[in-house]
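The first residue of the sequence shown is numbered 1, and numbering continues consecutively from there. Remember, it's a predicted structure, so these values are computed and weren't measured experimentally. Just so you know, ligand 1 is whichever comes first in the structure, and atom 1 is the first atom listed for that ligand.
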Amino acid sequence: MNKKIMIIGMPMDLGQMRRGVDMGPSAIRYAGIVERLSSLNYEVHDIGDIHIGRPEISIDQDSKLRNLELIAEKNELLANEVHKAIENGAFPLVFGGDHSIAIGTLAGVSKHYENLGVIWYDAHGDLNTAETSPSGNIHGMPLAASLGLGHPALTQLGGYAPKIKPENVVIIGARALDEGEKVLIKEKGIKVYTMHEIDLIGMTKVIEETIEHFRGRTNHVHLSLDLDGLDPSDAPGVGTPVIGGISYRESHLAMEMLAEASIITSAEFVEVNPILDEKNKTAIAAVALMGSLFGEKLL
Ligand SMILES: NC(=[NH2+])NCCC[C@H](N)C(=O)O
Ligand SMILES: [Mn+2]
Ligand SMILES: [Mn+2]
């Protein structure tokens, strides 16, 4: 694994309606991420947070694409930082913020790799567009936008689209999909491990198959880990919890197996909301998972 890590905080909360997710990057830092990765002999650079400057009163109450312009503008800044990190030979590690930031992260990463793979670890598909979204919240749209579907302000971020191809995407942990998302998954043939498959074959097989899926296709895989992919009992500090999720243990194993395969070349950990959390439990879980992703072992 790349021994140089660039941490980028993205305190975005405009992609959804619940306050507090802008404090996610602080909560993750408070849980000791820099010390954790440094102790694994990484050279860790923390560039701090991208400036979001959220207005106190949401300007866009009834939109089908709430806060579109601001989200696009701020994600452009994130894309530039992610791009710079890779240019400097570092592994970009982004802390959210709501999941709309994946639009910026992927715009920065995919510039470098023609066949970027993506693991979308999430209770949700985040495959909505303005037409299919039940909420108008852009954090439910980043995977669609990165595939080139949706409003041009999102799909054309960085000046090109699409960022990724449907055959290079693997969704893990899905258990809450909107009707339009189900149609899209079938239409595009996106590989999805729902909770049903995880229960049935186990996380070991799910990750083995995922690694196998990327082998020969690409050497660069981005991990977009939404903490709501985990069960709310293990990660209560998220804005859109869904019961019946992946356990902390299964997630830990998944990260260890990905570390062993050394296929992950960029990552983001999103949707940590310390206001909704219990004693920073969700950020602490995120930090432990990152430890495993970067090769931490007990013995
Ligand atoms: N990144 C997330 N937590 N997304 C939740 C999305 C929920 C729902 N599918 C929506 O579009 O509003
Ligand atoms: Mn989610
Ligand atoms: Mn998500």
Carboxylate-amine/guanidinium proximity below 4.0 Å for Asp122 and Arg175: no
Backbone N/O of Leu157 and side chain of Lys163: donor-acceptor pair under 3.5 Å: yes
Close-range residues for ligand 1, whose non-hydrogen atoms fall below the 4.0 Å threshold: His99, His124, Asp126, Asn128, Pro134, Ser135, His139, Gly140, Asp178, Asp226, Asp228, Thr240, Glu271
Presence of salt bridge, Glu87 and Lys84, under 4.0 angstrom: no
Lys/Arg N to Asp/Glu carboxylate O, Glu167 vs Arg217, below 4.0 Å: no
Side-chain donor/acceptor of Asp277 to backbone N/O of Thr282, under 3.5 Å: yes
Derivation and outcome, ring pair (Phe, Tyr, Trp, His ring centres under 6.0 Å), residues Trp120 and His222: CA-CA 9 Å; Trp120 201 266; His222 173 72; 7.9 Å; no
Parallel, tilted or perpendicular: rings of Tyr113 and His220 (30°, 60°): parallel
For the Mn ion (ligand 2), every protein N/O/S atom that sits closer than 2.8 Å, waters excluded: Asp122 OD1, His124 ND1, Asp226 OD2, Asp228 OD1, Asp228 OD2
Parallel, tilted or perpendicular: ring planes of Phe91 versus Phe294, cut at 30 and 60 degrees: perpendicular
Qualifying residue, where the test is side chain to side chain contact (heavy atoms under 4.5 Å, CB included) with Ile138 and the options are Asn75, Asn67, Leu68: Leu68
